[in-house]
2 protein chains.
Amino acid sequence: MSQKLDRRKKYTRKVLKDSLITLLANKSLSSITVKEICELADINRSTFYTHYTDHYDLLHKIEDEITEDMNRYLHSYDYEKEEESLQMTEKILEYITENRLMFQTLLNHQSAPTFEKRLMDLTRNFMINTWPRANELRTEESKYLSSFVISGAIHVIKEWIAQDLKESPREMAEMINQFINNGLSYFE
Amino acid sequence: MSQKLDRRKKYTRKVLKDSLITLLANKSLSSITVKEICELADINRSTFYTHYTDHYDLLHKIEDEITEDMNRYLHSYDYEKEEESLQMTEKILEYITENRLMFQTLLNHQSAPTFEKRLMDLTRNFMINTWPRANELRTEESKYLSSFVISGAIHVIKEWIAQDLKESPREMAEMINQFINNGLSYFE
DNA sequence: AACACCGTGTTGGATAGACAACAAACAGTT
DNA sequence: AACTGTTTGTTGTCTATCCAACACGGTGTT
């Protein structure tokens, strides 16, 4: 799956991604130039084109990576067991902590409206397909409920980030899981 | 003098230097292996040897660079003018701020006893050769006085670092210059 | 003593990235 | 409309780094 990358490739992609994220914090995606990204990353511009076709492609691949990671977290725990579902949420929040700047800017509609939508779709699909309690509901209802619950959770996370991650991932995980459980029991 | 470096060289040397400094914070120089440095820096070990002969050489070149930078600061201001001498001290303190971890560990005798000595020699030479007030003194006296003043200043800086750089470089510059001036007027 | 283990210093071949140069597209200026 | 400056893709050559492999010396284990 994830091939063993040459250290040079690994480094180049990392700094290009970091660079775009940094720029996105202050400017709109369309106003950012490839040249600018490369200068900040200290990478030759021609090298950029061996990895990405343009900066839209770069952003797309950044988002791909995040959603892949999220997906991995979602599927590496047994959501039916309460403690494991808690650990899962905690793991995801830790991941967000580690990539704080990324989430902070990507969740900001202005620069990249697609990201939040992708996150929601991903999580909703997971819930609908693998979560028993959601399954028991009628299809239509479960869709709305999951949307409700997930957009709520994402909003809480956004606020958490905006407040400088004052609470620990564990605290937030407990809080968010509580919210979600309450939300899901709404129709029970 | 400083040739335009290929980005790759620049990057490799930077991460190797950072890596050694990081390791020095916890272990003694002699117990650190080349392999370890390369693994932390994520650089192939064979690449290390194209730049440095061993880790002692690496540390030596780190120190070289710092002393060169210090020297540049010392000579880019007119020390006779009070305001410029203040700016100079401030500039040096800012430089220390930017390389905080480096100074913190290198000034710690345990790991690298030579560094503090090099710094002192450098500064003392500067004072003796280019500072009029020190020149007026007898050679022997000026040597001792400069040693006294400089070791005092370095100690103040070490304390400043240990106290997490609470004061601004400007504040510290004013304080230190005051100390030095008072110190130098001792024999006047 | 024989053994396995680990870091060292070095080599050779493969490749990613640096760099310089280019034509083309575009935006703003006069 | 010609002019200036900037970004864009693209290409060819050069070289720094990667990687795997090697012989060597030191250290410790049985």
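Hydrogens, waters and symmetry mates are skipped; everything else that's a heavy atom, side chains included, is used. A quick note: this is a predicted structure, and the numbers were derived from the prediction, not measured. Protein chains get the first letters and strands the later ones, always in sequence-line order, with residue 1 at the start of each.
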*Asks:* Flag the pair Leu58(A) / Phe48(A) as yes when at least one side-chain heavy-atom distance between them is below 4.5 Å, and no otherwise.
*Replies:*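 Yes - at least one pair of side-chain heavy atoms lies under 4.5 Å apart.
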*Asks:* Does Lys91(B) NZ have over 12 foreign heavy atoms under 6.0 Å away?
*Replies:*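 Incorrect, the count does not exceed 12.
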*Asks:* To the nearest Å, how far apart are His51(B) NE2 and dA16(D) P?
*Replies:* 8 Å
*Asks:* Would you check if the distance from the ring center of Tyr77(A) to the ring center of Tyr73(A) is below 6.0 Å?
*Replies:*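 No, the ring of Tyr77(A) stays outside the 6.0 Å limit from the ring of Tyr73(A), centre to centre.
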*Asks:* Under 4.0 Å between a side-chain nitrogen and a carboxylate oxygen: does that hold for Lys10(A) and Asp6(A)?
*Replies:*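 Looking at Lys10(A) and Asp6(A), the cut-off is not met.
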*Asks:* Which atoms form the tightest heavy-atom contact between Asp78(B) and Glu84(B), and what is the distance?
*Replies:*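 Result for this residue pair: N-OE1, 3.0 Å.
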*Asks:* Indicate whether the side chain of Tyr95(A) and that of Asp69(A) have a donor and an acceptor atom separated by less than 3.5 Å.
*Replies:*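 Side-chain D/A pair, Tyr95(A) to Asp69(A): present.
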*Asks:* Return the value, rounded to whole Å, for the distance between atom NZ of Lys9(B) and atom P of dA16(D).
*Replies:* 5 Å
*Asks:* Are Lys27(A) and Glu36(A) ion-paired here, with the side-chain N under 4.0 Å from a carboxylate O?
*Replies:* yes
*Asks:* Taking N or O atoms only and anything under 3.5 Å, show me the protein contacts with nucleotides 9-13 of chain D, one pair per line.
*Replies:*
from: dG9(D); atom 1: N7; to: Arg45(A); atom 2: NH1; distance (Å): 3.0
from: dG9(D); atom 1: O6; to: Arg45(A); atom 2: NH2; distance (Å): 3.2

*Asks:* Taking the basic N atoms (NZ, or NE/NH1/NH2) and the acidic carboxylate oxygens, is any pair closer than 4.0 Å for Arg118(A) and Asp64(A)?
*Replies:* yes
*Asks:* Assuming nearest nucleotide by heavy-atom distance, tell me which of Thr33(A) and Asn44(B) is located more 5' along DNA chain D.
*Replies:* Thr33(A)
*Asks:* Spell out, as yes or no, whether a donor-acceptor pair under 3.5 Å connects the side chain of Thr89(B) to the backbone of Asn177(B).
*Replies:*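 Judged by distance alone, no pair lies under 3.5 Å.
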*Asks:* Can you name the residues that form a side chain to side chain donor-acceptor pair (under 3.5 Å) with Asp164(B), not counting sequence neighbours?
*Replies:*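 Partners of Asp164(B) under the side chain to side chain donor-acceptor pair (under 3.5 Å) test: Arg100(B).
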*Asks:* Among all residues two or more places apart in sequence or in another chain, which pass the side chain to side chain donor-acceptor pair (under 3.5 Å) test with Lys17(A)?
*Replies:*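 So Lys17(A) forms a side chain to side chain donor-acceptor pair (under 3.5 Å) with Glu65(A).
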*Asks:* Under 6.0 Å between the ring centres of His75(B) and Phe126(B)?
*Replies:*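 Ring-ring flag for His75(B)/Phe126(B): true, centres closer than 6.0 Å.
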*Asks:* Report each atom pair, protein N/O against N/O of nucleotides 23-27 of chain D, whose distance is under 3.5 angstrom.
*Replies:*
none

*Asks:* For DNA chain D, whose closest nucleotide is more 5', that of Ile32(A) or that of Arg8(A)?
*Replies:* Ile32(A)
*Asks:* Under 4.0 Å from any heavy atom of chain B: name the first and the last nucleotide of DNA chain C that qualifies, 5' to 3'.
*Replies:*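 Listed 5' to 3', the contact boundaries are dG7(C) to dC19(C).
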*Asks:* Would you find a donor on one side and an acceptor on the other, under 3.5 Å apart, between the side chain of Ser19(A) and the backbone of Ile37(A)?
*Replies:* yes
*Asks:* Tell me: CD of Glu39(A) to P of dT6(D), nearest whole Å?
*Replies:* 11 Å
*Asks:* Specify the angle, to 10°, made by the local axes at the two ends of the helix from dA4(C)-dT27(D) to dA27(C)-dT4(D) when five pairs are taken at each end.
*Replies:* 40°
